[in-house]
Amino acid sequence: MKKKLVFATNNLHKLTEIKAILGEQIDILSLNDINCHVDIPETANTLEGNAKMKAEYIYNHYHLDCFADDTGLEVKALNGAPGIYSARYAGEGHDSQANMKKLLENLKGITNREAQFRTAICLIEGGEEHLFEGLVKGKIIEEKRGEAGFGYDPVFVPDGYDQTFAELGEDIKNQISHRARAVEKLCDYLTK
C-alpha cells in the first residue's frame, strides 16, 4: 500500500512541484484534501521554525503524518533578506510581482548579487520529527526573464546556468531546485 502524507500547504504551485518530484512513490494529500482551511501561522524567525510550526499544527490537529516546508530567498548584499519574509516582502498580499520589484529596487547599484534559495522541510511521521534542507546558489539579475515557475523565479539564475528558473522551465527546475534537493532528502528517508 502506498504511503500517504499530508503536505501542509495551500500553494498549488508547490503542491504540483512536490507531486512531480515525488512521482508515484507517495500519495500526497493537500490541506484541502483533509478539509483544513486554516491559515496556519508562520511566526518563527527561521525557515526551519516555520516548517516545524506548520507540520506540528497538522499533526496535532489532524493526527496525520505530514510534512511542511518553508522557503526563502537569501540575498547576500541584503544580509540574507528577504529570507523568511520572501512571500510577503512587499506586504501581506503574497504578490510575486511586487516582491520582485522591491527586491530589484533594493539591489539597484549593487554589484554583488549573490543569492541562494533555501528550503527547510519538517516531516512528522509517527510522532517523530525530521528536518531536511535543500539549497541552490545563484544570483539575482537586473530584470525579469521567463514565464515559467513562480515567486522570484524570473530574477534568479542558478549557478552553472545562464537562464533564470522561469526560463529553464519546470522539468529542469524540478531537478536542480532547492525544493527538489530538500524533497530528495525527504524521499531518501521515506523510501529506506
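Counting from 1, the numbers follow the sequence of the chain as shown. Note that the structure is a prediction, hence the values are computed from the model and not measured.
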Side chains of Asp33 and Ser30, donor plus acceptor under 3.5 Å:
yes
Under a plain distance cut-off of 3.5 Å, with no hydrogens placed, do Thr71 and Arg118 share a side-chain donor-acceptor pair?
no
Please find the pair of heavy atoms, one from Gly49 and one from Ala44, that lie closest to each other, and give the distance.
C-CB, 3.4 Å
Between Tyr152 and Leu104, is there shared hydrophobic-cluster membership here, with clusters defined by ILVMFWY side-chain heavy atoms closer than 4.5 Å?
yes
Between Ala55 and Ala68, what is the shortest heavy-atom contact and its length?
N-CB, 3.6 Å
Please check if Ile26 and Phe67 belong to a single hydrophobic cluster, counting links between Ile, Leu, Val, Met, Phe, Trp and Tyr side chain heavy atoms closer than 4.5 Å.
yes
For Asp188, I'd like to know if atom CG has over 12 heavy atoms of other residues, nucleotides or ligands within 6.0 Å.
yes
Asp69 side-chain N/O to Ala51 backbone N/O, donor-acceptor pair under 3.5 Å:
no
Taking only residues two or more places apart in sequence, or in another chain, which ones meet Lys102 in a salt bridge (charged side-chain N to carboxylate O under 4.0 Å, His left out)?
none
Given side chains that start at C-beta, do those of Ile58 and Leu31 come closer than 4.5 Å, heavy atoms only?
yes
Leu12-Val183 co-clustered via ILVMFWY side chain contacts under 4.5 Å
yes
Got a sec, which residues hit side-chain hydrogen bond (donor to acceptor under 3.5 Å, both in side chains) with Gln175, two or more places apart in sequence or on another chain?
none
So, does Ser86 use its side chain to make a donor-acceptor pair with the main chain of Gly83 at under 3.5 Å?
yes
Side-chain heavy atoms of Leu168 within contact of Pro158, under 4.5 Å:
yes
Calculate, to the nearest 0.5 Å, the distance between atoms CG and CG belonging to Leu47 and Leu135 respectively.
10.5 Å
When you look at Lys185 and Glu133, which way does the salt bridge (Lys or Arg N to Asp or Glu O under 4.0 Å) test go after all the steps?
CA-CA 8 Å; Lys185 292 174 185 174; Glu133 182 191 72; 5.5 Å; no
I'd like to check Glu48 versus Cys122 (side-chain heavy atoms, cut-off strictly below 4.5 Å). Are they in contact?
no
Kindly say whether Glu128 contributes a backbone atom to a donor-acceptor pair with the side chain of Tyr59 at under 3.5 angstrom?
no
Are the side chains of Pro82 and Asn99 in contact, using a 4.5 Å heavy-atom criterion?
no
Interatomic spacing from CG in Leu131 to CD1 in Ile121 - rounded to 0.5 Å:
10.0 Å
In this structure, SG of Cys36 is separated from CG of Leu29 (nearest 0.5 Å) by 12.0 Å
Would you say that more than 12 heavy atoms from the other residues, nucleotides or ligands in this model lie under 6.0 Å from the NZ of Lys14, or not?
yes
For Lys137, give me all partners under side-chain hydrogen bond (donor to acceptor under 3.5 Å, both in side chains), at least two apart in sequence or on another chain.
Gln116
How far apart are the closest heavy atoms of Asp159 and Gly138, and which atoms are they?
OD1-CA, 3.2 Å
Can you tell whether the side chains of Asp65 and Lys4 come within less than 4.0 Å, N to carboxylate O?
no
Using every non-hydrogen atom in the two residues, find where Gly169 and Ala148 come nearest and quote the distance to one decimal.
CA-CB, 4.0 Å
Taking Ile110 as the starting point, is it possible to reach Phe156 by hopping between hydrophobic residues whose side chains are less than 4.5 Å apart?
yes
Can you tell me how far the CZ atom of Arg181 sits from the OG1 atom of Thr119, to the nearest 0.5 Å?
10.5 Å
Asn50 (side chain) donor-acceptor with Thr43 (main chain) under 3.5 angstrom
yes
Using the rule given for salt bridge (Lys or Arg N to Asp or Glu O under 4.0 Å), can you reason through Glu142 versus Lys108, listing the C-alpha separation, both sets of side-chain angles and the distance that settles it, and then say yes or no?
CA-CA 8 Å; Glu142 293 186 13; Lys108 264 203 173 92; over 6 Å; no
Set of residues satisfying side-chain hydrogen bond (donor to acceptor under 3.5 Å, both in side chains) with respect to Asp27, sequence neighbours excluded
none
Residue list, salt bridge (charged side-chain N to carboxylate O under 4.0 Å, His left out) with Asp153, at least two apart or on another chain:
Lys173
Exactly one of Val157, Val155, Val136 should register a side-chain contact (heavy atoms from CB on, under 4.5 Å) with Phe165. Which one does?
Val136
Nearest non-hydrogen partners of Ile141 and Pro154, listed with the distance:
CD1-O, 3.8 Å
If we only count heavy atoms from C-beta on, is the Asn32 to Asn10 side-chain gap below 4.5 Å?
no
Tell me whether Lys54 contacts the main-chain N or O of Glu42 through its side chain, where contact means a donor paired with an acceptor under 3.5 Å.
no
Could you tell me whether Asn60 atom CG has more than 12 heavy atoms of other residues or ligands within 6.0 Å of it?
yes
Between NZ of Lys3 and CD1 of Ile28, what distance do you get to the nearest 0.5 Å?
10.5 Å
Please work out whether the ring planes of Tyr57 and His61 are parallel, tilted or perpendicular, with thresholds of 30° and 60°.
parallel
With a 4.5 Å cut-off on side-chain heavy-atom distances among I, L, V, M, F, W and Y, is there a chain of contacts connecting Ile140 to Met100?
yes
Roughly how far apart are Phe7 CZ and Ile34 CD1, rounded to 0.5 Å?
12.5 Å
Check whether any side-chain heavy atom of Thr46 lies under 4.5 Å from a side-chain heavy atom of Asp70, and answer yes or no.
no
Just by distance, no angles: are the side chains of Tyr89 and Asn106 close enough, under 3.5 Å, to form a donor-acceptor pair?
yes
Which residue pairs satisfy the ring pair (Phe, Tyr, Trp, His ring centres under 6.0 Å) criterion with at least one member in residues 170-192, sequence neighbours excluded?
Phe117-His178, His130-Tyr189, Phe132-Tyr189
